[in-house]
Undergrad: 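For reference, the structure I am asking about is given below.
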Protein chains: 2
Amino acid sequence: MALIRRFNRTVTERVGALEDSFLGRDRPLGASRLLWEIGEDGADLHELRGRLGLDSGYASRLVRRLENEGLIVVEAYPTDRRRRRLRLTAAGLAEARELDRLSNLAATALLDKVPVSNRERLLAAIAEVERLLRATLVDIAVEDPRHPDVVYCFTRYANELDARFAGGFDAGSSSSVNPEELTPPAGYCVVARLRSLPIGCGALKLHGAAPAELKRMWVDPRLRGLGVGRRLLESLEALARGNGARVLHLETNRALEEAIELYRRAGFVEVAPFNDEPYAHHWFEKLL
Amino acid sequence: MALIRRFNRTVTERVGALEDSFLGRDRPLGASRLLWEIGEDGADLHELRGRLGLDSGYASRLVRRLENEGLIVVEAYPTDRRRRRLRLTAAGLAEARELDRLSNLAATALLDKVPVSNRERLLAAIAEVERLLRATLVDIAVEDPRHPDVVYCFTRYANELDARFAGGFDAGSSSSVNPEELTPPAGYCVVARLRSLPIGCGALKLHGAAPAELKRMWVDPRLRGLGVGRRLLESLEALARGNGARVLHLETNRALEEAIELYRRAGFVEVAPFNDEPYAHHWFEKLL
DNA sequence: GATATTATCTGACCGTGGTCAGAGAAATCG
DNA sequence: CGATTTCTCTGACCACGGTCAGATAATATC
């Protein structure tokens with residue numbers, strides 16, 4: 001614990017310098033950060049607010065300021081004219097690039113103070129800490145299967161299966177799942193999000209006292225091996241248990257090795273086929 | 001660079017939770033932090049201000065606030081009645097312990113979100129990052145040899161020599177150095193500080209165009225291997241060069257293996273004895 | 001003993017981040 | 001269609017961290 005606290009102190013003190021590089025631009029830090037987050041492709045204000053965790057009033061003020069400085073243009077979405085789309089002007093793009101440069105400069109300055117012989121070790125350790133800590137920023141929530149984030153994850157899931165299964169994957173020929181079956185009390189969907197961006201999902205079909213079914217487990221490839229799948233699994237198990245299920249079933253394809261490994265480690269044991277899902281090679285069961 | 005910036009973002013977001021644990025105590029964060037920094041043994045306000053980097057007015061206000069809350073007592077130092085000594089009252093001690101508890105709780109919560117299998121890796125990486133980054137917080141300054149920080153380092157230096165040399169070390173029988181010789185333009189003292197606490201030193205005696213002498217190189221044992229010695233050496237070399245010296249001399253004892261290694265790596269080569277320093281076994285020289 | 005320096009305190013001031021309630025406009029639902 | 005919800009904007013408000021100049025007292029220096 002003392003180690004973590006010492007780490008906290010050292011890092012905030014040292015790496016805070018990177019944030020400070022956003023300062024001194026005749027603009028509050030928050031405004032610079034917003035500008036920087038908009039990016040070259042522009043951004044949706046609502047989505048941005050979620051990502052940065054800003055109050056609507058505060059965000060509105062920051063946007064106004066950047067607009068007055070001539071750094072961004074604000075326009076309504078054609079599809080939903082309540083929403084605002086933010087785009088960088090030429091000046092805004094230049095300023096964003098300058099912020100980028102300063103931030104890089106600060107990062108370089110930090111590294112320069114470390115003896116050359118230690119730099120690689122530092123970078124490796126930094127990468128490790130970042131990866132492992134990032135996983136702790138993931139939170140998991142129950143969502144309606146029609147929620148855009150769920151739809152997004154399900155699509156990525158299907159695409160991945162199609163790419164990885166020998167012979168591809170066609171959702172139509174698989175035992176399909178309609179939204180009602182994944183809506184409480186018939187079932188559940190859970191979504192894992194990193195800074196409000198969906199990065200994983202899982203679903204549950206309940207059958208009263210009969211075994212519940214686990215469906216559509218997927219984690220963004222960039223975030224695998226960090227325990228996100230385990231946490232999705234745990235929350236679905238808790239939901240199944242809370243709804244009276246005593247046994248959890250799932251079937252999977254032999255191509256999904258890391259998933260199979262996850263299930264085994266979570267206490268699932270392989271059993272004889274309990275359905276005729278065409279894409280399945282392994283059937284698992286866990287007593288809750 | 002992108003890695004460092006990503007690291008910055010993740011860490012400040014996640015580890016910031018530790019700071020937040022100081023919040024919600026009906027007291028601004030700064031006040032809580034000050035309280036926590038005072039510690040069981042009390043602290044000198046001046047020293048505290050240096051450590052936390054606070055403005056005198058701001059610090060004074062925080063102290064007043066804690067005093068009014070009955071958490072600390074403020075008293076003048078007997079030796080220097082301008083200075084203020086801060087001590088925790090019973091209530092203050094209890095509050096500091098509570099802050100400690102909350103901070104530990106937050107650290108534990110952070111670790112709890114990491115899968116057990118990854119925890120050790122995370123802690124190891126955290127320790128590594130902390131150690132290496134801490135070194136970058138060290139800054140080096142030229143000081144008068146009579147400055148308390150220099151005196152402190154010289155004392156630690158002499159104590160260490162006494163402990164490590166076979167047969168001990170007696171400053172009197174060594175070729176002594178008086179303060180004038182280390183004061184510009186005759187010579188220089190440099191001190192390395194971590195958050196304004198002295199943690200290393202080095203000195204230089206100039207002899208015009210004749211070889212300059214390197215003296216009293218010392219780094220706190222807890223911070224060795226992080227490049228502090230190298231940085232002290234570099235700044236002294238720069239001073240020697242800037243004052244017209246073409247050659248740098250130093251002599252050292254065989255017990256100081258890591259120092260000898262440092263000199264060799266810095267480009268010093270062993271030469272025949274150029275003086276009769278009784279404690280020396282090795283004589284080095286470097287062309288600047 | 002006069003002068004400079006050091007440490008603290010005080011009052012005044014400021015921008016920033018942040019919150020809140022309410023209004024208005026647009027979209028969605030029944 | 002009306003009712004409700006969603007998204008944004010506005011104005012008002014506030015604490016906090018931070019800075020500055022000047023006052024005061026104690027100490028160090030010459």
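Letters go in sequence order (proteins before strands), and every chain restarts at 1.
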Undergrad: With a non-hydrogen cut-off below 4.0 angstrom, is B:R64 in contact with a base, only sugar-phosphate, or nothing?
TA: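 B:R64: backbone/sugar contact only, no base atoms under 4.0 Å.
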Undergrad: Kindly write out the residues that satisfy side chain to side chain donor-acceptor pair (under 3.5 Å) with B:E143, not counting sequence neighbours, or none if the list is empty.
TA: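 Per chain and number, B:E143 pairs via side chain to side chain donor-acceptor pair (under 3.5 Å) with B:R193.
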Undergrad: Listed by chain and number, what are the side chain to side chain donor-acceptor pair (under 3.5 Å) partners of B:R49, not counting sequence neighbours?
TA: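 By the side chain to side chain donor-acceptor pair (under 3.5 Å) rule, B:R49 matches no residue at all.
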Undergrad: Kindly write out the residues that satisfy side-chain contact (heavy atoms from CB on, under 4.5 Å) with B:C189, not counting sequence neighbours, or none if the list is empty.
TA: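 Only B:P145, B:V150, B:F154, B:L182, B:A203 meet the side-chain contact (heavy atoms from CB on, under 4.5 Å) criterion with B:C189.
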Undergrad: Between which nucleotides of DNA chain C, 5' to 3', does chain A make heavy-atom contacts below 4.0 Å?
TA: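 Terminal contacting nucleotides, 5' to 3': C:dT16 to C:dA27.
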Undergrad: Above 12 or not: heavy atoms from other molecules or residues under 6.0 Å from CG of B:D41?
TA: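 Counting neighbours around CG of B:D41, 12 or fewer heavy atoms of other residues, nucleotides or ligands fall under 6.0 Å, so no.
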Undergrad: A:R134: which residues meet the side chain to side chain donor-acceptor pair (under 3.5 Å) condition with it, sequence neighbours left out?
TA: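 Here the qualifying residues are A:E130.
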Undergrad: Please identify each residue that fulfils salt bridge (charged side-chain N to carboxylate O under 4.0 Å, His left out) with B:R101, with sequence neighbours left out.
TA: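 Result, salt bridge (charged side-chain N to carboxylate O under 4.0 Å, His left out) vs B:R101: B:E98.
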Undergrad: Return the set of residues passing salt bridge (charged side-chain N to carboxylate O under 4.0 Å, His left out) with B:D220 (not counting sequence neighbours), or none when no residue passes.
TA: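 B:D220 satisfies salt bridge (charged side-chain N to carboxylate O under 4.0 Å, His left out) with B:R156, B:R222 once adjacent residues are dropped.
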Undergrad: What residues in residues 28-47 of chain B put a non-hydrogen atom under 4.0 Å from any atom of DNA chain D?
TA: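 Per residue number, the list reads B:P28, B:L29, B:G30.
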Undergrad: For DNA chain D, what residues of residues 81-88 of chain B have any heavy atom nearer than 4.0 Å?
TA: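 The stretch gives B:R81, B:R82 as the residues lying under 4.0 Å from the strand, ordered by number.
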Undergrad: With sequence neighbours excluded, tell me which residues meet salt bridge (charged side-chain N to carboxylate O under 4.0 Å, His left out) with A:D139.
TA: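 Not a single residue meets the salt bridge (charged side-chain N to carboxylate O under 4.0 Å, His left out) criterion with A:D139.
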Undergrad: What residue pairs, at least two apart or across chains, pass ring pair (Phe, Tyr, Trp, His ring centres under 6.0 Å) with a residue in residues 65-98 of chain B?
TA: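 Residue pairs passing ring pair (Phe, Tyr, Trp, His ring centres under 6.0 Å), neighbours aside: none found.
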Undergrad: How is B:D55 classified with respect to the nucleic acid when contacts are heavy atoms under 4.0 Å: base, sugar-phosphate, or nothing?
TA: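 It contacts base atoms.
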Undergrad: With B:R61, which residues qualify under side chain to side chain donor-acceptor pair (under 3.5 Å), at least two apart?
TA: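 By the side chain to side chain donor-acceptor pair (under 3.5 Å) rule, B:R61 matches no residue at all.
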